Amino acid sequence: MSDAKYFSSRSKHEVDDFIIALNSNDISKKIEAMKAVNTHLTIGKDVQDQKLFDEVVRNFETSNIELKKLFFAYMIQLAPINPQLVLTAVAALAEDTSHSSPFIRSLALRTLGYINDKGVMEHLSEPLEECLSDENPFVRKTACLVCMRIAQIDPTKGDIMTARLKEMLKDDNAIVIASAAEGIVRIRSDWVPTKQFATLIIQALEECSEWGQVVLLESVSRYFHQISSMSEAEDVATRISSRLQHRNSSVVLKTCQALGVLLKKFNLKAKDDLLSQMAAALVTFLSGSHEIAFVALKSIKLLQQTFPGFISRYLRLFLTSFKEPFYLKAAKLECLSLMADNNVYQKVLLEFEQAASSVDRTFANIAINCIGKVALQDELFCDFAVNLLLNLVRDNQSVFTAILRNCTLILRRYPGKYDALIGALFESAFDVEWDTECKTLIAWIAGEYGGLITEIDEILEFLTDGFDLDSPTLQLEILTAVVKNFLRFPHLQPLCQDIITRSTNQIDLNLRDKAFFYWRLIAESTEIAKKVVLAYKPIIKVSDAHVAPLISRLGCVSTVTESIRVAQSIKLEEKVCIVREPRVVYEERGATISAIISREERTVTIELTLNGLPIVQLNSCKLNSNPFGLQIDKVELGKTTVVTLVGGGDRKFHEDPRMNGNLQMALVFEKGNVFFTVPVWLFDVFWEEKITQSEFAGRWSSLGVEKTVFLSGIDKSFVKKLQSNSFYKIFARDDLAWFYGGVSDELSVAAEFQFKGQMARVVVKCQNAIMLTHFLNHLCLLTNCRPISETVFHSDEPESPKPVAAPRPSATPVSPVVSSPVVKNVAPVIYPTAEPAATSQKKKSSPMDLLDML
């Protein structure tokens with residue numbers, strides 16, 4: 001019967017059954033039991049029973065190889081979970097490292113290496129030395145890998161293990177050499193072999209397995225960077241180039257990686273010969289499985305970028321077929337775009353034109369991008385490419401955005417040569433529906449080439465229609481286009497004034513900063529503004545600088561993603577949090593109920609610990625309507641009753657505001673009910689929703705109730721405390737912060753904090769005034785702040801200088817919150833100015849004073 005039966009459900013007394021089976025004299029029963037135990041460990045079931053473990057150790061001396069393998073597999077799986085338990089069996093494992101069977105010796109040593117505890121070192125050192133000099137190469141190979149594990153467990157032994165592995169590179173067995181090289185690379189990622197070691201590694205290639213050849217090729221390629229003479233490079237290339245004929249794709253790719261490093265040392269003729277061999281080897285994988293073909297195409301693309309003409313003779317193999325999957329056809333098009341030269345560029349571009357007519361818009365967009373890449377490579381190809389793009393505009397308007405994107409690059413690459421292209425694009429632009437990217441590109445063209453467009457006034461009016469609803473990126477481009485055309489055509493001053501004013505009232509900080517920059521620049525001098533805003537832009541250039549580092553990573557994930565992971569040192573911020581302790585919520589006649597509240601995403605959990613109550617008579621749990629709109633989702637009854645709450649229920653507020661922070665609950669027993677109240681720390685039931693600044697602006701305007709208060713006692717941990725209590729930071733800097741959070745979709749809170757030393761002006765908006773007051777009270781308790789009056793907040797504030805005059809409408813735009821050299825200490829722009837709190841500041845205030853103050 002198949003071993004799949006062990007993954008099916010079993011009885012509740014499995015561990016006892018396993019122990020009984022291991023106690024029997026029947027080897028087959030023991031094998032069946034150990035297979036089931038290993039299966040349970042694999043799927044995550046708990047079989048870490050001490051009695052079972054002791055029984056396994058007692059059976060370690062069996063002579064049955066299959067059972068012995070199962071015991072080792074059990075130890076290897078248990079070691080990462082419970083290393084202390086496995087550590088008690090070290091003596092039995094160490095004894096097996098001297099077993100007569102090399103297979104058992106190897107398994108015993110490998111199992112010892114999996115115990116992730118420094119306590120195993122004293123038991124491992126002597127067996128390791130014996131295995132490193134064992135007569136069997138399989139045992140020596142395992143010992144090399146265990147050296148790597150020891151360095152990972154105890155990094156202080158890294159240098160010792162590296163020195164020991166370097167000695168193993170002189171072994172006479174190829175697989176041992178490969179394991180030693182693998183261990184050194186894992187321990188010392190920056191290790192570069194010497195010429196002596198590189199020679200030993202190359203000699204071992206012929207006798208090694210496929211896995212070993214991949215490891216050895218990757219290791220020896222590190223040395224190739226140090227080769228200076230062409231004769232040595234040719235000699236090494238000759239010895240490893242035979243690997244290009246291997247049937248394994250990984251071996252071929254690693255060989256190409258090594259040769260790619262050596263190619264820099266060759267003269268032109270030798271380089272062409274070697275490139276021909278590499279190309280012939282790689283194209284054979286295009287007819288294999290789609291996945292291998294995809295990786296081969298990515299490698300071919302990198303080599304073609306580094307060595308132009310590398311694959312040109314195999315052009316026909318890169319023509320797409322409708323039977324191929326999308327990702328394979330896209331990779332072929334990318335390779336084709338690099339194969340265009342003076343002889344075949346027309347054929348390549350026609351292939352792209354055919355692909356651009358596909359009903360798959362994503363594939364068509366990739367084909368159009370490839371046309372643009374060919375056009376940018378050489379001015380000789382550009383005329384033909386531009387004609388194709390114009391034909392596609394007339395025949396296939398569904399891909400107009402992609403065409404427009406590539407045309408903007410062509411205009412930047414060849415300034416002044418294809419200005420006629422602008423008129424053709426705008427003739428077709430009004431026949432298609434504009435998405436956000438299309439509108440952004442049109443705004444860029446209108447700003448850069450407005451002097452060449454006769455209908456520029458109508459286009460700008462069309463672009464600015466619905467300006468307040470556009471995305472920040474589009475708004476930035478429209479603002480720039482309007483200002484540039486105003487500097488060219490002064491009669492557009494009213495439109496320019498309107499857009500600058502509306503931009504200063506937007507929430508996006510970049511847009512507001514840019515609008516005020518233009519405003520002040522124009523107010524200073526229009527001539528200076530023309531020199532700055534209409535300055536000449538340099539010609540864009542096509543660069544493949546990112547490709548060179550990737551050649552040494554052929555066959556790796558970096559080849560597919562075309563990026564290199566850069567190791568970064570990440571400094572973890574200190575997390576400020578408040579520890580919640582169980583709180584007694586009911587106490588009568590010796591019976592008590594304690595509660596603790598926690599939250600995970602949008603689910604609130606209340607753990608009720610019952611003492612002195614008849615648990616067996618407990619039937620259910622009830623929750624009264626509450627201000628948070630929480631309702632019971634499920635209940636797990638018992639001595640520790642777990643109540644799971646979700647939002648969406650009816651919201652009910654108490655007449656006494658101080659009661660709105662509580663949950664009224666009841667436990668239903670057979671002979672009566674127990675009623676109690678659970679006080680709620682508001683931030684315990686907050687859920688964190690990550691939204692953008694634009695979404696924050698929309699939600700801010702939809703919240704109806706607003707309060708403005710002034711707080712004192714702000715310290716450096718203020719923002720961290722809010723973040724660690726599920727209040728999501730939208731934006732923060734030294735003088736300003738925006739936060740958003742809530743209990744449910746129907747009950748959320750948005751807040752702006754303007755900091756001034758140890759004081760802050762807090763503007764809060766919510767759907768409900770009672771909940772808003774509740775939030776402010778808990779905010780003071782969380783941050784240890786106290787309310788102050790507005791007079792105290794502004795007492796030492798200098799008078800703000802008046803902004804300079806600017807060409808704008810009569811309504812002065814509201815100043816932004818961001819600081820600038822002209823406007824300082826100004827009001828926020830996204831909400832109306834709040835009335836100051838009409839209460840006097842007491843000499844000593846507490847957080848509870850906030851209720852009276854509001």
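It should be emphasised that the depicted structure is a prediction, and the values quoted were computed from it without experimental measurement.
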[X] side chain near [Y] side chain, heavy-atom distance below 4.5 Å:
X: Arg512; Y: Leu509; result: yes
X: Thr464; Y: Asp498; result: no
X: Tyr518; Y: Ser503; result: no
X: Val533; Y: Leu521; result: yes
X: Asn485; Y: Leu495; result: no
X: Leu404; Y: Trp444; result: no
X: Glu461; Y: Glu458; result: no
X: Asp457; Y: His491; result: yes

How many angstroms lie between [atom1] in [X] and [atom2] in [Y], if you round to the nearest 0.5 Å?
X: Leu460; Y: Ile478; atom1: CG; atom2: CD1; result: 9.5 Å
X: Glu437; Y: Ile442; atom1: CD; atom2: CD1; result: 11.0 Å
X: Leu479; Y: Gln475; atom1: CG; atom2: CD; result: 9.0 Å
X: Thr436; Y: Leu441; atom1: OG1; atom2: CG; result: 11.0 Å
X: Ile422; Y: Glu427; atom1: CD1; atom2: CD; result: 12.5 Å
X: Leu711; Y: Gln758; atom1: CG; atom2: CD; result: 13.0 Å

Quiz item: Parallel, tilted or perpendicular: which describes the rings of Phe755 and Phe753, with under 30° parallel and over 60° perpendicular?
Solution: parallel
Least distance between heavy atoms, [X] atom then [Y] atom:
X: Ser337; Y: Val374; value: O-CG2, 3.7 Å
X: Leu463; Y: Ala446; value: CD1-CB, 4.4 Å
X: Cys370; Y: Glu334; value: SG-N, 4.2 Å
X: Trp700; Y: Ala751; value: CZ3-N, 3.9 Å
X: Asn406; Y: Gly372; value: OD1-CA, 3.4 Å
X: Gln506; Y: Leu511; value: CG-CD2, 3.4 Å

Quiz item: Are side-chain N/O atoms of Asn369 and Arg405 paired as donor and acceptor at under 3.5 Å?
Solution: yes
Quiz prompt | Intermediate values then yes/no, side-chain contact (heavy atoms from CB on, under 4.5 Å), Lys765 and Val705 | solution = CA-CA 5 Å; Lys765 297 192 72 173; Val705 182; over 6 Å; no
Exercise. For side-chain contact (heavy atoms from CB on, under 4.5 Å), just list the numbers for Lys537 and Arg412, CA-CA rounded to whole Å, side-chain angles, deciding distance to a tenth of an Å, and then say yes or no.
Key: CA-CA 8 Å; Lys537 293 181 175 54; Arg412 286 288 308 276; 4.1 Å; yes
Practice problem: Show your reasoning for whether side-chain contact (heavy atoms from CB on, under 4.5 Å) applies to Phe516 and Thr504. | Solution: CA-CA 7 Å; Phe516 273 93; Thr504 57; 3.2 Å; yes
Quiz item: Step by step, would you call Leu492 with Val482 a side-chain contact (heavy atoms from CB on, under 4.5 Å)?
Solution: CA-CA 8 Å; Leu492 293 174; Val482 169; over 6 Å; no
